[in-house]
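Have a look at the structure below before the remarks.
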Amino acid sequence: MRHLVERFYADLWNRVDLDCADEILHHDVDFRGSVGLHAHGRGAVCEYVSMVTTALADYRCEIQTLIVEQEQAAARMRFSGVHIGPFLGYPPSGRPVEWQGAAFFTARDGLLDTIWVLGDLDTLRGQLDTNA
């Protein structure tokens, strides 16, 4: 389980290696992202990854704490990037952004099946708002 979560962030998100989705995500994975969007299935998760990494250049997910117990895991996360494209209704600002989050995972058949990520959207929106 630890390896799946680490690959989810290192390969799928940080390297934007969408091909690894077949190796780590269940075909009908249920994913709720830190920015409040929902994706069901590998393809939808890959679209979500592309949307976020297109809007936020140099996007990084840093696992700060990872706790694993059998087929479940929880992680304390730090997300960051540079706001270069429309994101959460905000036009590109060119600003660096970062926010904290927590992620919860379950696995089925040796693949990530359910992923629920909660992010500090108030902090993120404050950084995206060019009027702030």
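Note that the structure is predicted; figures quoted are calculated from it, not measured. For the single chain, residues carry numbers from 1 onward in sequence order. Values reported hereafter were calculated over all heavy atoms of this structure, with side chains retained and with hydrogens, waters and symmetry mates removed.
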Could you note down all residue pairs passing salt bridge (Lys or Arg N to Asp or Glu O under 4.0 Å) where residues 9-19 supplies at least one of them, sequence neighbours left out? R7-D11, D11-R15

If we only count heavy atoms from C-beta on, is the F87 to M51 side-chain gap below 4.5 Å? yes

Do P91 and P86 come close enough that some side-chain heavy atom pair is under 4.5 Å? no

Enumerate the salt bridge (Lys or Arg N to Asp or Glu O under 4.0 Å) contacts for residues 34-51, please, sequence neighbours excluded, ordered by first and then second residue. D22-R42

Note, M77 side chain near I63 side chain (heavy atom, < 4.5 Å): yes

Check the pair H38, D30 against side chain to side chain contact (heavy atoms under 4.5 Å, CB included), reporting the backbone distance first and the verdict last. CA-CA 8 Å; H38 180 243; D30 186 39; 2.5 Å; yes

Sidechain-backbone polar pair: R2 side chain, V68 backbone, donor-acceptor under 3.5 Å: no

Taking all atoms of both residues into account, what is the closest heavy-atom pair of A102 and F104, and its distance? CB-CE1, 4.0 Å

Please collect all side-chain hydrogen bond (donor to acceptor under 3.5 Å, both in side chains) contacts where either partner lies in residues 109-118, sequence neighbours excluded, each pair once. H26-D109, T106-T114, R108-D113

Using 30° and 60° as the class boundaries, would you call the ring planes of Y59 and W13 parallel, tilted or perpendicular? tilted

Working note: L12 + V45, criterion side chain to side chain contact (heavy atoms under 4.5 Å, CB included); need CA distance, chi angles, decisive distance, verdict. CA-CA 10 Å; L12 185 62; V45 172; 4.2 Å; yes

CD1-CZ distance between I115 and F8, expressed to the nearest 0.5 angstrom: 4.0 Å

Considering all heavy atoms, the nearest A107-M1 contact: CB-SD, 3.6 Å

Distance-minimising heavy-atom pair for H83 and S93: ND1-OG, 3.0 Å

Considering non-hydrogen atoms only, spot the tightest contact between A21 and C46 and give its length. CB-SG, 3.7 Å

Answer whether the closest heavy-atom distance between the side chains of I67 and Q72 falls below 4.5 Å. no

R125 versus Y90: any side-chain heavy-atom pair under 4.5 Å? yes

List for me each residue that meets side chain to side chain donor-acceptor pair (under 3.5 Å) alongside D58, sequence neighbours excluded, and say none if there are none. none

Applying salt bridge (Lys or Arg N to Asp or Glu O under 4.0 Å), which residue pairs with at least one partner in residues 69-94 are found, sequence neighbours left out? E62-R78, R78-E98

Is there side-chain contact between L88 and L124, with at least one heavy-atom pair below 4.5 Å? yes

For I84, which fellow cluster members are found when Ile, Leu, Val, Met, Phe, Trp and Tyr are connected by side-chain heavy-atom distances below 4.5 angstrom, either directly or through intermediates? V82

Would you say L118 and V5 are hydrophobically clustered, going by side-chain heavy atoms of ILVMFWY under 4.5 Å? no

So which heavy atom on G33 is nearest to which on Y48, and how close? CA-OH, 3.2 Å

If I take atom OG1 from residue T123 and atom CH2 from residue W99, how far apart are they, to the nearest 0.5 angstrom? 11.0 Å

Check whether any side-chain heavy atom of L111 lies under 4.5 Å from a side-chain heavy atom of V29, and answer yes or no. no

Test log, rule side chain to side chain contact (heavy atoms under 4.5 Å, CB included), inputs V117 and F79: CA-CA 11 Å; V117 186; F79 306 103; 3.7 Å; yes

Output the distance between atom CZ (R95) and atom CG (L56), rounded to the nearest 0.5 Å. 13.5 Å

Side-chain touch L37/V52, heavy atoms, less than 4.5 angstrom: no

